[in-house]
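Presented below is the structure to which this report refers.
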Amino acid sequence: MEFLQQLINGLALGSVYALLALGYTMVYGIIQLINFAHGEIYMIGAFAGFYSASTLKLPLIPTLLVAMAVSALAGIIIEKVAYKPLRNSPRIALLITAIGVSLFLQNAMRLLVGSNPKPFPDLINAGSINIGSIQIEVKTILMFGVSALLVILLQFIVYKTKVGKAMRASSQDMEAASLMGINVDNTISLTFAIGSALAGIAGVLVAISYPSITPYMGAMPGLKAFVAAVLGGIGSIPGALVGGIAIGLLETFSKAYISTNFSDAIVFAILIIILLIKPAGLLGKKISVKV
Amino acid sequence: MKKTLLSGVLASVMAMTLLIGCGGNTGSSTSGATGDVIKIGAIGPLSGAASTYGISVKEGAQLLEKEVNDAGGINGKKIEFIFEDDQAEPNSAMQAFNKLVDNEKVCAILGPVTSGATLAVAQNATSKQIPMITPTATEPTITKQGGDYMFRGCFVDSFQGEVLGKYASETLKSKTAAVLYNAGSDYSKGIADSFKSKFEAASGTVGEFLTYNDKDTDFKAQLTKIKTLNPDVIVLPDYYNVVGLIAKQAREMGITSQFLGGDGWESEELTKIGGDAVNGALYINHYYSSDQDVAVKTFVDSYKKEYNKEPDAFAALSYDTSKILVKAIEKVGKTDGAAIKDALAGMEMNSVTGNIKFGSDRSAIKSAAIIKVDGDKKVLADKVNP
Amino acid sequence: MKNFFNKKTITIILGVLITYAVLFGLISANVINSYYKGIITFSLINIILAVSLNLIVGFTGQLCLGHAGFMSIGAYVSALISQKAGMPFVVSIFIGAIVACIFAALIGYPTLKLTGDYFAITTLAFGEIIRIIIMNINVVGGARGFTGIPIKTTFTVAFVFMVISIIVIKNVINSSQGRAMLSVRENEIAAESMGINAFKYKMMAFVIAAFFAGLAGGLYAHYAGYIKPDSFDFNKSIDYLTFVVFGGMGSLSGSVIAATVLTFLPELLRGMGDFRMVIYPLALILLMIFRPEGLLGDKEVSLNIIKNILPDKKSKDRKEA
């Protein structure tokens with residue numbers, strides 16, 4: 001029985017990572033950048049949601065929309081200001097910039113709002129469902145449902161729409177895509193916008209379930225979500241969902257049955273093992289490097 | 001190779017010399033007193049993640065500084081607290097210490113605030129013969145590491161754990177307990193360990209002794225295990241923002257055990273984060289802010305007047321610790337480190353956080369207040385004397 | 001030997017000795033007080049960290065985000081040996097450095113064949129894993145930290161080790177192995193097709209860098225007397241990366257200057273603690289966008305600058321001729 005409950009716990013945690021991993025995977029898929037600042041966009045979404053829910057007193061859906069909009073905007077601005085100028089620079093410069101953006105956002109937010117954790121209002125007051133001695137919170141079901149829905153939606157967008165085609169083309173070969181008349185800049189901005197909006201939704205949903213938000217809340221989940229994206233196969237959208245759930249389960253079971261002290265270390269160790277054995281991840285494709 | 005070496009070294013020398021030149025002018029006169037001002041150093045996190053604690057300490061000390069100076073100072077001289085930021089970082093604390101002692105030539109130091117930073121500078125107090133008293137660092141070995149000149153104005157983590165253990169078994173008559181503490185926090189671990197020893201010594205059983213990592217927000221894995229145990233009490237020795245979340249998740253899972261906590265629970269925000277989940281919880285604090293005792297009331301009122309908010313335990317401890325330090329300096333009459341430290345060792349005072357006097361290990365022997373969360377108010381459940 | 005004692009070497013040696021003597025004199029006469037001495041010693045340790053990280057990031061082109069992890073291994077091992085086994089200071093820091101080296105070899109062996117981004121994340125992951133493991137080892141204090149380390153790192157000691165580190169690393173760079181590393185940085189595939197075993201040279205750089213990071217860690221432990229796992233976290237690794245990037249990836253003198261300046265700067269800006277944490281990353285971003293080569297790019301500070309400033313007979317003659 002306890003095992004089943006832990007399973008539910010793991011799935012709940014996993015859907016958070018899945019939502020974040022989706023953003024990572026989309027951005028990496030298109031410009032091969034590990035967006036270190038993704039965790040911070042998630043944090044910005046949470047704070048945007050906080051202000052809309054407690055200061056403007058908006059209910060759930062408008063709060064989510066506000067968070068999505070603010071995060072998307074943040075994502076686009078970061079892309080235009082920090083990543084676009086470096087599109088032709090060596091990878092190391094891009095990575096360092098991404099780290100810089102991440103740290104900058106964390107500390108700037110802290111200067112703005114103070115380091116005291118803020119209590120997020122409970123916008124989904126729906127209790128939980130009890131099946132025997134197992135308890136499933138409605139919030140959990142919601143998060144899981146939203147993640148799954150978004151994956152389906154994204155798959156549809158990427159594989160069945162024109163914009164999606166533009167995204168896939170740009171990720172294959174940017175120059176060729178622009179020669180074909182695709183506005184690569186806009187496509188990239190759109191990708192960032194979508195990925196960031198997803199992070200924003202994740203931020204609000206997580207803030208409702210774990211109602212204490214701080215400027216540093218994005219750091220660890222960001223890192224773990226990245227591990228999830230890699231595990232599932234970076235660049236693969238269903239991979240993000242699979243990876244997220246997997247990491248959530250792994251972390252929960254490590255905490256429950258191995259050791260809480262080392263659960264983070266175990267998650268990172270998994271990353272290393274995946275990269276060594278199957279760098280393409282579970283659902284990813286192997287890419288060969290051309291000279 | 002050779003050019004680089006020389007050039008690199010030359011450049012460093014130039015840089016260093018320039019900066020030394022700038023700095024060399026800020027040394028002041030006689031030790032600890034410039035004309036009419038007695039300088040007391042203070043170290044704490046004024047920026048960074050732990051800044052709320054440092055700022056509370058600063059406010060408490062400055063409130064005392066104002067009171068003392070308005071009443072004419074000590075022995076005719078005014079006092080001045082000079083604050084240096086350590087960002088709760090051991091290396092910065094050391095540099096802050098050096099700056100205060102070498103450049104500002106303070107006669108005594110209040111601080112540091114966090115245990116890590118204090119452990120880093122403790123032994124310097126004795127090697128440089130500067131009396132140092134930390135108002136809030138609770139790690140037990142600090143005064144031992146620091147030597148004769150290192151004092152502490154609050155009780156230690158092990159004391160908190162013991163009080164909780166004793167209270168749980170004797171007053172609450174609990175038989176089983178679970179502990180869920182922060183593996184990345186020495187403070188949390190300290191209370192958890194001493195609770196376990198005391199509770200088990202009183203024939204209680206600690207059925208689950210679990211941890212979580214710093215910055216974790218999901219505790220369901222651990223709480224599920226605790227739920228299976230169904231203990232009488234659950235000890236959560238961490239800060240209010242984390243325990244609020246834990247309590248909430250626990251109650252949502254249907255866990256009904258009594259929550260017990262340490263002084264980290266104390267905050268205005270506790271009920272905002274924990275909501276109904278923390279109702280009825282009991283935790284230890286250094287004092288009770290609504291205590292009708294005159295000393296407490298006066299302090300709380302003047303703090304509110306000055307800073308427009310309720311004082312937290314850090315501010316109260318800082319106020320008391322500064323007060324006893326200043327009294328020691330006043331008693332000695334001059335800024336002699338050795339004399340001040342001797343005077344401090346023998347001092348006794350009644351103030352906001354109760355009766356303060358120092359044990360042979362230079363830690364303050366103080367009583368603890370056990371606070372109960374009642375709705376969004378806090379009431380005094382008990383007072384425990386050491 | 002005849003070639004060794006030429007004019008250049010003597011100038012260098014004299015320069016170093018004079019610098020040392022000047023600083024030492026100032027410190028002994030208490031013109032430089034403990035506060036500044038502390039900062040200077042700390043900056044010497046940071047120089048060692050910066051030049052070692054530069055070897056792998058700047059000269060071999062591999063982004064490493066776990067440098068603080070190797071530093072912490074060196075710090076903890078040397079502290080343990082110093083305090084518990086009572087061995088002499090120099091022995092314990094060397095052992096610490098060697099252990100850090102061994103870990104680097106173990107970690108590098110499987111991971112150095114990954115491409116740049118993944119290698120970076122892996123080093124980050126390892127840095128975290130090392131920190132978490134240390135936090136759970138009670139013998140070294142765990143989260144409480146390791147107290148009571150004998151304070152043995154004086155200005156002299158730090159200065160000597162800094163000089164040694166720079167000499168060694170500069171020698172590595174000027175050797176054929178160093179050139180191989182540079183070729184790996186420029187274009188790994190082209191280097192491989194020229195017969196250079198990229199993996200071998202990346203390993204070499206990684207292990208040497210870790211050795212000096214461990215050495216610096218040992219020096220730091222015996223300078224501060226107290227260390228805790230959080231003192232070596234990801235943020236610290238980023239600090240060291242900032243030194244390298246700022247000074248110029250590929251310039252040793254740049255690293256020296258950057259490490260010194262960026263150690264003194266936070267002290268000078270003591271009142272602005274909160275802003276520093278915003279300005280540093282911002283500076284990193286702006287640097288990458290507008291001047292990715294950093295202060296000195298991949299050039300070194302050379303005596304030619306001084307020659308050009310001070311006109312002397314020979315160069316005047318040369319110009320006229």
Side-chain angles (χ1 to χ4, degrees), chain A residues 28 32-34 36-37 78 81-86 89-112 114-115 219-220 223 226-227 230 234 259-277 279 287 289-291, chain C residues 57-58 61-63 65 107 109-111 113-133 135-136 142-143 185 187-190 192-193 234-235 237-238 241-242 244-245 249 274-290 292-293:
Chain A
Y28 192 88
Q32 279 80 53
L33 168 71
I34 302 172
F36 265 98
I78 292 170
V81 168
Y83 299 151
K84 184 159 171 231
L86 294 171
S89 299
R91 308 302 304 281
I92 211 173
L94 214 50
L95 271 173
I96 294 177
T97 309
I99 296 174
V101 173
S102 162
L103 290 174
F104 172 72
L105 287 173
Q106 278 178 20
N107 291 307
M109 187 56 100
R110 191 177 59 75
L111 271 184
L112 268 173
S115 45
M220 222 7 143
L223 214 51
F226 175 72
V227 176
V230 169
I234 197 142
S259 153
T260 33
N261 298 18
F262 291 104
S263 59
D264 282 354
I266 293 174
V267 170
F268 289 129
I270 297 293
L271 171 69
I272 295 168
I273 294 172
I274 299 290
L275 287 178
L276 296 178
I277 303 177
I287 310 167
V289 180
K290 290 187 261 206
V291 182
Chain C
V57 174
Q62 307 299 309
L63 183 59
L65 299 173
I107 292 173
Y109 191 78
T111 60
K113 47 183 153 93
L114 296 169
T115 57
D117 307 357
Y118 288 143
F119 176 69
I121 296 287
T122 316
T123 53
L124 198 166
F126 268 116
E128 284 294 292
I129 293 177
I130 292 172
R131 187 182 62 86
I132 293 174
I133 293 179
M135 193 143 27
N136 284 296
R185 173 185 79 185
N187 191 326
E188 193 170 326
I189 298 176
E192 288 260 352
S193 55
F234 176 61
N235 285 312
S237 290
I238 297 298
L241 187 66
T242 311
V244 171
V245 169
M249 292 188 271
D274 268 336
F275 286 103
R276 178 182 87 91
M277 289 157 79
V278 174
I279 292 174
Y280 267 43
L282 195 60
L284 213 54
I285 300 170
L286 292 172
L287 213 58
M288 282 293 102
I289 297 176
F290 297 112
E293 65 267 24

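Below, all heavy atoms of this structure are taken into account, side chains as well, without hydrogens, waters or symmetry copies. Below, chains carry the letters A, B, ... as their sequence lines are ordered, and counting in each starts from 1.
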Ranked by heavy-atom pairs below 4.5 Å to chain C, first place among A:L271, A:D264, A:I96 goes to A:I96

For the interface with chain C, which of A:N261, A:V227, A:L94, A:I266 has the highest count of heavy-atom pairs at distances below 4.5 Å?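 It is A:N261.
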
Tell me, side chain or backbone of [X] under 4.5 Å from chain C's heavy atoms, or both, or neither?
X      : answer
A:A219 : neither
A:Q106 : neither
A:L33  : neither
A:M220 : side chain
A:L275 : both
A:Y83  : neither
A:V81  : backbone

Which heavy-atom pair separates [X] from [Y] by the least distance, and what is that distance?
X      : Y      : value
C:I129 : A:A269 : CD1-N, 3.8 Å
C:P110 : A:L276 : O-CD2, 2.9 Å
A:G100 : C:P281 : O-CB, 3.2 Å
A:L95  : C:A120 : CD1-CB, 4.2 Å
A:A108 : C:V278 : N-CG2, 3.8 Å

When heavy-atom pairs shorter than 4.5 Å are enumerated against chain A, which of C:I289, C:L124, C:T122, C:L284 gives the highest number?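 Greatest number of close heavy-atom pairs with chain A: C:I289.
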
Among C:I107, C:I133, C:I121, C:L287, which residue has the highest count of heavy-atom pairs closer than 4.5 Å to chain A? C:I121

Is [X] in contact with chain A via its backbone, its side chain, both, or neither, using a 4.5 Å heavy-atom distance?
X      : answer
C:M249 : side chain
C:V57  : both
C:L114 : side chain
C:L286 : neither

Are C:Y280 and A:L103 close enough that some pair of their side-chain heavy atoms sits under 4.5 Å apart?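 No, their side chains stay 4.5 Å or more apart.
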
Does a side-chain heavy-atom distance below 4.5 Å link A:F36 with C:L65?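 Yes - at least one pair of side-chain heavy atoms lies under 4.5 Å apart.
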
For A:S263, check side chain to side chain donor-acceptor pair (under 3.5 Å) against everything at least two apart and list the hits. B:N213

Between atom CG of A:N107 and atom CE of C:M277, what is the distance when rounded to the nearest 0.5 Å? 4.5 Å

When rounded to the nearest 0.5 Å, the distance separating OH of C:Y118 from CD1 of A:I234 is 5.0 Å

Suppose we screen for salt bridge (charged side-chain N to carboxylate O under 4.0 Å, His left out). Which residues come up paired with C:R185, at least two apart in sequence or across chains? none

